[in-house]
Amino acid sequence: MVIAATGEPDILLPPVSEFATTRDVTEPIFLKLADLGLSGNTVGDEDFQPQLAQRWEWDAPTTLVFHLDPRAHWQDGQAVTAADVAFTYDVYTDTVVNSPFRSSLRHIAAVTTRDSLTVVFRFRQRYPEMFYDAVYHMRIMPAHLLRELPRDQWRSTPFGRAPVGDGPYRFVAWKAGQSIELAADSTFFLGRPHIRRLIFRFTPDQQVAVIQLLAGDADVIEVLITPDNVERACADAKLACYPYKGSAYGYVGFNLAAPGDSTKPHPLFGDRDLRRALVLATDRERPLHNVFGDLARVPPGPMSQLWWVWDPEIRELPYDSAQAARLLTRLGWIDSDGDGIRDKDGRELSFRLLVPTTSAIRRQYARLLQEEFRTAGVDVQLDEVDFTLFNERARAGRFDALLTTWNTDPTPSSGFPQIWTKAGFGRSNYGRYFNPQVDQLVDRAVTSAMNRDQARRAWRSAFEILNQDAPGIFLFATENVAAVNKRFTDVTIRPDSWMALVRTWRVPPDRLTDRDRVER
Amino acid sequence: MIAWVVRRVAASVAIIWAVVTLTFFVIHAARGSPFLPEQSQSVSPETLDRLRRQFGLDRSLPEQYVLYLRNLARGELGESFVLRRPVADALADAMPHTFFLALAALLIDFTAGLALGIYQAVRERSVGDVVLGNVALFVNSMPTFWLGLVLLLGFAQWLHWFPTGGPSDPVLCPRVDSLPCLLDFFWHLTLPALTLGLVGAAGTARFQRAAMLEVIRQEYVRTARAKGLREGRVLLVHALRNALLPFITLVGLAFPFLLTGAVLVETVYSWPGMGLLAVRAILQRDYYVVTGAALVTSAMVVLGSLMADLLYAVADPRIRVRGA
Amino acid sequence: MTEPLLRVRDLKTYFVTEQGSGTARAVDGVSFDVRPGETLGIVGESGCGKTVTSLSILRLIPEPPGHIRPGSFIEFEGRNILTLEPKELRAVRGNQIAMIFQEPMTSLNPVFTVGDQIAEAAIVHQHLSRAAARRRAIEMLQLVGIPDPEERVDHYPHQMSGGMRQRVMIAMALVCHPKLLIADEPTTALDVTIQAQILELLERLQAELGMAVMLITHDLGVVAGTADRVVVMYAGQVVEQAPTVELFAHPVHPYTEGLLAAVPRLDAPSLSLRTGGRGRLHSIPGQVPAATAWPDGCRFHPRCPYAWDRCRAEEPPLLDASQGDAGTHTARCWLVTEPQRRTRRP
């Protein structure tokens, strides 16, 4: 099966990489202890599927014991042992390795081995997503192959270019810039994968990837992105389309602090009412349909469709241009010189919107919003910069507002605090939004809630308060459409990691082509 | 002769050094820093600092420069922050692709351009000359990206005559280890080479037409006819041999064009060459890849120029004898 | 009288001009003969059509913009050159009729050795092997008087002086022993001393090889020494034709008179320093008219000191002015019929 991929992995070593494409390629190579179920529920442990761990139990409220499947083995023949798990935890939490996932594991106090197949996780406290944290972030690494590797070399070790894993597929070859090939491991203990070879084909341009798909040179593409592509691909006789919940959301974020000086408030956006007025003034449905067609929805707050907390009932600021106009006028912003732009004390109601050039979607949105704001009497200037510069200015707080998207985890617990609470200052909370009530509610949802309903209620309250503070305008939450060649059946896509179930996909014998049969 | 070669080599080294130095300082001066992977925005400041220290990026710029030169002298090109492998490896993987693409494009460029130019010069002012001249102008003005996409859509997607990209078929020919796979490689090379080559050929044709016209007017062409030689021989031996001299210079100059124009072609055809590598590195501020690519590229250009000069000396006896 | 080797009758070669200022009638009805073994001198100022005439004989006129008008007739050894097939024409060029040009530097290909260029004609026409042709080339270099021919054969044109290059041109032209050599201003670009050497060489070769030479020049001095007969051209036409001695002794056409008078002589009183040297060099007043607009009547009349009404109105044909055998001396001038008009106007 040829997968048209638009990015190339940096290194096939899960602890040190968070590229989406890296995750896709390493997903079939390395196993986790247990994996998310199709429901996507991250609370508790009922909805998780066993992988390396055959079963587990709770010895105490904060002690989780895993029993590894004795059939699990590394692709070089060695058995997977508890020592591997302990080693992996050590690596993921090592400050020198500095894994991007380190902070997600901070609630785990220790990981020890009881015997060669039993691992014990001890947590610092009880909280709803303990099990999720224990299993989701770490892919177990082979201790016998990596123990000797100095920790500061993990970033760029050659093992990452020829990994040895324990999953349904093993690594075959990596042709830099071209393709990565994986082959099915017929001895995989949970069942032999049906598709013999997975070939990731790197294409720098999304449009060309779609062309490859339509020409039959590629079999699958993860997401078609634009409505045009969806139309073309789904109309093609040899392709089948699979929609699934997207994990991204995009928004305009206001900078509540003065650009370049975080001690002072932003001259415009430090004013909560002004922010609220701007949110009220924005019709979010129109640009959404313009850009995405049916492929996205307006989120009721900063969340992706993937999150279980998604709830259209969450209260938010509506689109009400009349109220917005009144509010702006009350704040003293009136168009005194008749140029269509409101002003106050000789200053125009104008700000600069920072947009990265790498995404056509964001640029399109920027222009549409510019128009909307102009009719409300607000002048928006666009700053389109390349991605690296965008990041630098975002981090440094040198912007008025920015338009960006986030790719989220299956649960808000890790991403949300990083962006919308005090803990995110200096990290991803570029706009420096802080409301102690929100922080408290998030804390409750993540740490102290007893069960899912409590957590959900806490989240909902957090979102609703945040919405009233209007730290940004929440524009879209994507819905993805994957296209797969029709000869593949039993295609199931788990929204948080679309390749997670690829070992169950198959081609019925009567539809096998010669290319499918080629072995290496 | 030896003295001349030594001087040229010394000058070439100086040029390469100048290019690398300029590139070094410019890319470091660009706002933004490396270590920020495209798809993620959550590298913590502490990580950033540690990585910068690890790679010596926290030192002053002149210090870094001296370090870099010292490493260069030992043959070490540094490590890529984004690709997480030695720069030399990344360049070594990309170089052959660029090389073959450039070679094929050059071949198409020069054979088509030469033939066209000669034909146009011989049939000056005829209908054929005018039509071909305008076609050449049109093709020469085409942006390579556009032409590439058009060819891709037309020949690859609709007609299925050619593959839609990549240097090989990953399913059937992961390695070029057999004749069918070699042919497969050439099949994949065709459209990208045509895209690059045709645009260049149009320019070459116009140039060569002028050169031929210039030469045909010369009196020694008339002498050749007066000797009773066949017209073919007059044109292709007596005239062309002289008209090729400026052409050799063109060959030397074509290299940089092919290397830069190749980026767009590489994007459209997913061809993993140096162009893509360099552009991505620049956008991601992958410093050592950028300087490494500048080094290799300038070396290739300088080499091309040197070879052109040598070829010129071989071809034109007037220069040869003087330098001897 | 022996059959002429070359017969040219009523040759007209016209050129279409770019700016559309009309047709240039460069050669407008020229007739003459060349007999085997003789040297015919063709004399005239630049622009009179002598070079175009010589190029037309070998059909080396570029077809656009020039063309040889129908009605022109060129016969060589009984064959009509103008109707030859390309293959037959190529067999004549460089083989039966050879041509050398004025500027040897630009007329020789700079990227080939002189040996290669000489041998080429032998290989193409006589089908010699490369080795044999090379030996031939060395022979020819020796024949034309170039020292160290075994070494020189591998030299390039730019390594030789002007005189030597012209000798190479001659060697190249003669390698197939042509019956007729057309020499277009062969000495004009050379020093005076070299000029004399080249002319001497041509004379010697002509005697040795028994070939005819058509010597085209603007320099009467060159013609005086070497030609048997002279044809004087002006404005695309033959204006006078006579044996050399006769022409110099008794010029008929005023143009010929003018040319002769214009040759500077050290013993002319007007120039002598002893007598004060107050005289000036004689020159023919006016300029050669443009080939797109020849004057009406006699084409020379605007510059002629004797011109009268008839000259302005009627173009004279070639009239017989022979003092001996009929037809040996012709001139295109009404003075032949009205000699009394030969008075200078005040």
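Below, each value reflects all heavy atoms present in this structure, side chains not excepted, and no hydrogens, waters or symmetry copies. Given the structure is predicted, the values throughout are model-derived calculations rather than measurements.
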Out of [options], return the one with the most heavy atom pairs under 4.5 angstrom to chain B.
options: C:Gln117, C:Glu103, C:Met169; result: C:Gln117
options: C:His125, C:Met172, C:Met99, C:Glu120; result: C:Glu120
options: C:Pro62, C:Gly94, C:Pro110, C:Pro86; result: C:Pro110
options: C:Ile97, C:Leu108, C:Val92, C:Leu58; result: C:Leu108
options: C:Thr106, C:Ile100, C:Val124; result: C:Thr106

Lys/Arg N to Asp/Glu carboxylate O, C:Asp154 vs C:Arg134, below 4.0 Å: yes
Salt bridge (charged side-chain N to carboxylate O under 4.0 Å, His left out) filter on C:Arg136, not counting sequence neighbours, yields C:Glu139
Parallel, tilted or perpendicular: which fits the ring planes of B:Phe185 and B:Trp271, with parallel below 30° and perpendicular above 60°? tilted
Among B:Val131, B:Val130, B:Leu132, find the residue that satisfies the side chain to side chain contact (heavy atoms under 4.5 Å, CB included) test when tested with B:Asn134. B:Val130
Heavy-atom side-chain contact between [X] and [Y] under 4.5 Å:
X: C:Leu82; Y: C:Ser72; result: yes
X: C:Ile68; Y: C:Lys12; result: no
X: C:Arg135; Y: C:Ile138; result: no

My understanding is that only residues two or more places apart in sequence, or in another chain, count here; which of them pass side-chain hydrogen bond (donor to acceptor under 3.5 Å, both in side chains) with C:Thr51? C:Asp184
Examine whether an atom of C:Val111 lies under 4.5 Å from a heavy atom of chain B, and if so say whether it belongs to the side chain, the backbone or both; otherwise answer neither. both
Segment of C:Leu55 engaging chain B (4.5 angstrom heavy-atom cut-off): side chain
We want to know whether B:Asp129 and B:Ser126 form a side-chain donor-acceptor pair, criterion being a heavy-atom distance below 3.5 angstrom. no
Tell me if a side-chain donor or acceptor on B:Glu124 pairs with a main-chain N or O of B:Ala121 at a distance below 3.5 Å. no
Hey, would you say the B:Phe110 and B:Phe247 ring centroids sit under 6.0 Å apart? yes
Contacts with chain C made by residues 229-240 of chain B (heavy-atom distance under 4.5 Å), listed by residue number: B:Leu229, B:Arg230, B:Arg233, B:Val237, B:His238
By residue number, those in residues 206-221 of chain B with heavy atoms under 4.5 Å from heavy atoms of chain C are B:Glu219, B:Tyr220
Within a reach of under 6.0 Å around CZ of B:Phe100, are more than 12 heavy atoms found that belong to other residues, nucleotides or ligands? no
To the nearest 0.5 angstrom, please state how far the CG atom of C:Leu89 sits from the CG atom of C:Leu60. 8.0 Å
